[in-house]
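Only one structure is covered here, and it is reproduced in the block below.
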There are 2 protein chains.
Amino acid sequence: MSVRTQQQAIAASRELAVDLSAVIVCVTGDQPQILAIRSENDAADALASGPLESRHRTLEAGLRSWVESQTHQCLGYVEQLYTFGDRNRMVVGSNRRVRMLSIGYLALVREARPENTSNTVWRNWYQYFPWEDWRSGKPAVLARIERQLRSWVADAEGAGDRRARAERVRACFGLGNIRWSDERVLERYELLYEIGLVPETHRDRAPAWCSADDVIKEGALMIADHRRVLATAIARLRGKIKYRPVVFELMPPTFTFLNLQQAVEALAGLLMHKSNFRRLVESQGLVEDTGEVSAGAAGRPARLLRYRHDILLERPVPGARLPQALRGK
Amino acid sequence: MSVRTQQQAIAASRELAVDLSAVIVCVTGDQPQILAIRSENDAADALASGPLESRHRTLEAGLRSWVESQTHQCLGYVEQLYTFGDRNRMVVGSNRRVRMLSIGYLALVREARPENTSNTVWRNWYQYFPWEDWRSGKPAVLARIERQLRSWVADAEGAGDRRARAERVRACFGLGNIRWSDERVLERYELLYEIGLVPETHRDRAPAWCSADDVIKEGALMIADHRRVLATAIARLRGKIKYRPVVFELMPPTFTFLNLQQAVEALAGLLMHKSNFRRLVESQGLVEDTGEVSAGAAGRPARLLRYRHDILLERPVPGARLPQALRGK
DNA sequence: CTCCTTATACTCAAAGTAAGTATTAATGGG
DNA sequence: CCCATTAATACTTACTTTGAGTATAAGGAG
C-alpha cells in the first residue's frame, strides 16, 4: 500500500470506533446459557464488550482483557465470528457521528462461573430467541411470526418479488416442503430485522414494512447489535458441532452419554435419536471410558466418559459433500 | 455502551486504519485464478484493496467500490472472510505507527474479465501456494517443507512440546496416519509463517525458528498480509463447495459435467472419481439439462447443463454430522 | 420383590458411497 | 471410409452409514 493510501486510511479512521464483543457460552444441565451484562438503567442486557485500544496486542487479546475486567471469567476456546459495520448502526460520540465497527467473538467455557453477580447474569439463550428451541415441539411464537411473514410475502409488489419473498421465508423458516434448519439462526433474525418484526428495527431507524405494534415482543432485547452478534454465535456453534468436536469445550472433565447428548440438543435446539447419537459418538472415537460410573441419579448408572485430547484432529474429514478424492496417485 | 466508553473508543480509533481487501476468484478451464494487482516497483503482487472511508455505507459497499475503481471488475457473490488485526503487522503512516485492521473478503466471478492490463493480472492461485495442488500427485515442494517441519519438531524443548509440535504438523500436512485435508490451507500457511518458513516472517518481524536461508521460496509473495487473506479465501471456498452450491457462481451459464468436475477439482486441488461425481451432482438436483450438447472438442459430445436457480436453498442439509433430529414430535 | 427409570446392546431395512466395467458417440489420421 | 482415440454415459457390485426400532441390564424407591 502506498504512503498516500495509508494516510487516507488514517484520516478515515478518525471517524471510526471498533468494538469487540464476546458471546460467552456454557451449558448447564440441558440448557445453553450466555453471560450477559446487566445494564444499570436500561432494560436491555449487553454482551461483554469494549473498544479496541492500542495497548491490545491482538484483537483476541483485547477481547479477553475486556471480558476479564467485566466478568472475571477466564475464557478458553475463543473464535472470531464476524465484523459488522453498517453505517446505519452508528452511535453518537462527542459531537459527531462515528461509524461503529463491531467485531463479534464466540467463547466457550465449561461451567457457569462467576455465579450471577450484580453486573452479570447467565441467561438461557432461548430467552433472546424463543423461536429457536424446538426441543419440546414447535415453539408457540412461530405461529405469529409465520402469520406476519405470510402477509409480508403477500404485500410484495410484483409476482417476481413475491416469489422471491416466499422463497426466502420458506428457506429461513422451513415452510412448505423445506425442513427447519437449526443453523439458519442469523438468516432468520436478519429477515425479521429487515422487515421490522423485531423492536431493534424501530429503535435503529425509520419504520420498515411492519409497524411497531406488529413487532414480535417475545424474546429479550439487547443493546446495540448484540442480539445480532448472539444470533451469529448460535448459528456458528450449531454449524460447527457437526464437524468439529467443539462440544467438549463445554463439557466437564467427565460426563455420560446422556450429558453429552443433552448438551448437543441444547445447542441445536433439537432432540436426537438416542441410540444413533451414541453410535455416532462411539464411532468417532472421540471419547474414552474412565472406568467409573455415574451415581446418585435414578435408573441404571451410566459409564463416565472423558474426551480424548490426544485425538484432536486425526479424524478423516467427516460428511464431506464431495465424492472422496481419488486415493493413491 | 455508555458515552464514556464511546469516547474512549473514538480516541483509540485515532491510531487505526481499516483496510478492505478482496480475493477475486474465477476458474478458467481447469485452473483456479485470482485477480492480482501488479505493483509498480515492488516484486510482490497485491489483492484489490483500499481503506474503509466514511462515504462507504457498508463494509461490503466500500469493498465493491475499491475493487471497481482498481480493476473495473464487477463482483457477484461476495462474502466476508475474517478480520486480521495483529499489532505485529503494522504500517508506518505519517509519523506514528498505526494498527492495521484488515478485513478480507472472498468474491466469485464467472469469467476472467477484465483481461490482464498493466495493473491487473489473473494468476493461478497455486503460484502462491504450490504445495496446495495435488491434482498431479504430491507436490514436489512438500519434500523440502516436510524435512524442515521434522527438524522443527525435533528442536522442541521438552517431550510434551515435541509431541504437540508433531501432532500439529501431522494434522496440518497429513503425515502419518492422517490424510491430507484440502481445507487446512490457512492452518498450513500459519504454521509456516509462525516458524519462519515463509519469507513474510522475516519481512514482518525478528527472525523466528528458521533462518532466512531455509525459507521456502517456491510460491509467489504478496504485500502486507495478502497471502494470508488468500489462504483464508482458499480454505473457505474449499470448505464451502462441500455443502453449498457456490461452484455455480464460477461457472458459465451452461457447462458440461466435465467442466463442473474440473472446476471443483481446480478449487479442491484434488482429483475425483468421475462417475461418483456425476452421480452426486445428479442426485442433488442442482442442475438441469439444456437439451443442447457441447461441440468442437474431441470425443463424444457432452450434454450441456445449467444451474437450477430456483432450487437455491431447498436441499435438505446434507452431510450433517449429527444424527438426524427426531422427526414428528 | 416389584416396578420404575435409565443405560446399553442388538437388529434390520433403506439409503448412500467407493470403485470399478461396459457401452455409446463423436473426432481425426491414414 | 475405417479405425484408433477420446470422451460421455450407463450399469454393477460390495460395502458403509443411516434412521428407526426392540430387547435386555442394572440401579433405586416403595
Side-chain angles (χ1 to χ4, degrees), chain A residues 29-30 179 242-243 254-265 268 270-306 315-329, chain B residues 29-30 179 242-243 254-265 268 270-306 315-329:
Chain A
D30 60 355
R179 250 214 297 282
K242 286 169 192 147
Y243 61 96
T254 67
F255 48 85
T256 67
F257 273 115
L258 184 62
N259 296 151
L260 187 61
Q261 178 169 358
Q262 286 181 334
V264 171
E265 289 176 339
L270 293 170
L271 297 179
M272 342 238 145
H273 188 287
K274 194 163 170 178
S275 8
N276 293 343
F277 182 86
R278 295 169 63 90
R279 183 178 49 193
L280 186 76
V281 173
E282 278 178 320
S283 75
Q284 314 235 58
L286 293 171
V287 296
E288 62 189 3
D289 210 318
T290 60
E292 290 168 277
V293 292
S294 71
R300 173 174 171 177
R303 290 182 297 158
L304 281 175
L305 311 171
R306 117 172 34 99
R315 305 155 43 215
V317 194
R321 206 77 287 247
L322 285 176
Q324 171 109 19
L326 292 174
R327 314 187 200 251
K329 180 55 197 293
Chain B
D30 60 355
R179 249 214 298 283
K242 286 170 193 151
Y243 61 96
T254 66
F255 47 86
T256 66
F257 273 115
L258 183 62
N259 296 151
L260 188 61
Q261 178 169 356
Q262 286 182 334
V264 171
E265 290 176 337
L270 294 170
L271 298 179
M272 339 239 146
H273 188 285
K274 195 163 172 178
S275 8
N276 294 343
F277 181 86
R278 295 169 61 91
R279 176 167 40 87
L280 185 77
V281 173
E282 278 178 320
S283 75
Q284 313 236 56
L286 293 171
V287 296
E288 63 190 1
D289 211 317
T290 60
E292 292 169 275
V293 292
S294 69
R300 173 174 170 176
R303 290 182 298 159
L304 280 174
L305 310 171
R306 111 168 43 94
R315 306 156 40 216
V317 195
R321 207 77 285 248
L322 284 177
Q324 171 109 17
L326 291 175
R327 313 185 201 253
K329 176 57 195 295

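Every heavy atom of this structure was used, including side-chain atoms; hydrogens, water molecules and symmetry mates were not. Predicted model, so just to flag it, every value in this text is computed and none were measured.
Rounding to the nearest 0.5 Å places CZ of A:R278 at 10.5 Å from CG of A:L260.
To the nearest angstrom, P of D:dG19 lies 13 Å from CG of A:L270. Going from atom CZ of B:F255 over to atom P of D:dA7 covers 20 Å, rounded to whole Å. Nucleotide C:dA9 holds its C1' atom 13 Å from the CG atom of A:N276, rounded to whole Å. Counting to the nearest Å, the P atom of C:dT8 and the CG atom of A:N259 are 11 Å from each other. For the pair A:L280 CG and D:dG19 C1', the interatomic distance rounds to 12 Å; values are reported in whole Å. B:Q261 has its CD atom 12 Å from the C1' atom of D:dA8, to the nearest Å. As rounded to whole Å, 12 Å separates atom P of D:dA8 from atom CZ of B:F277. A:R278 places its CZ atom 5 Å from the P atom of C:dT8, with the value rounded to the nearest Å.
Interface remark: the A:R300 side chain does not form any donor-acceptor pair with the D:dA26 base, using a distance-only criterion of under 3.5 Å. Side-chain atoms of B:S275 and base atoms of C:dG20 include a donor and an acceptor less than 3.5 Å apart.
With sequence neighbours excluded, the residues forming a salt bridge (charged side-chain N to carboxylate O under 4.0 Å, His left out) with B:R303 are B:E282, B:D289, listed by chain and number. Partners of B:S275 according to the side-chain contact (heavy atoms from CB on, under 4.5 Å) rule, which considers only residues two or more places apart in sequence or in another chain, are B:H273.
Nearest-nucleotide positions on DNA chain C for A:F257 and A:G299 put A:G299 closer to the 5' end. Residue-to-nucleotide proximity on DNA chain D shows that, of B:E282 and A:A297, the 5′-proximal contact is made by B:E282. Checking A:R303 against A:R279, the closest nucleotide of DNA chain C that is more toward the 5' end is the one next to A:R303.
The backbone N or O of B:L304 sits less than 3.5 Å from a side-chain atom of B:T290, completing a donor-acceptor pair.
Side-chain proximity of A:P301 to C:dA25, D:dA26, D:dT9: nearest is D:dA26. Of all nucleotides listed (C:dT8, D:dT9, C:dT6), D:dT9 comes nearest to the side chain of B:K274.
The side-chain heavy atoms of A:L305 and A:T256, taken from C-beta on, include no pair separated by under 4.5 Å.
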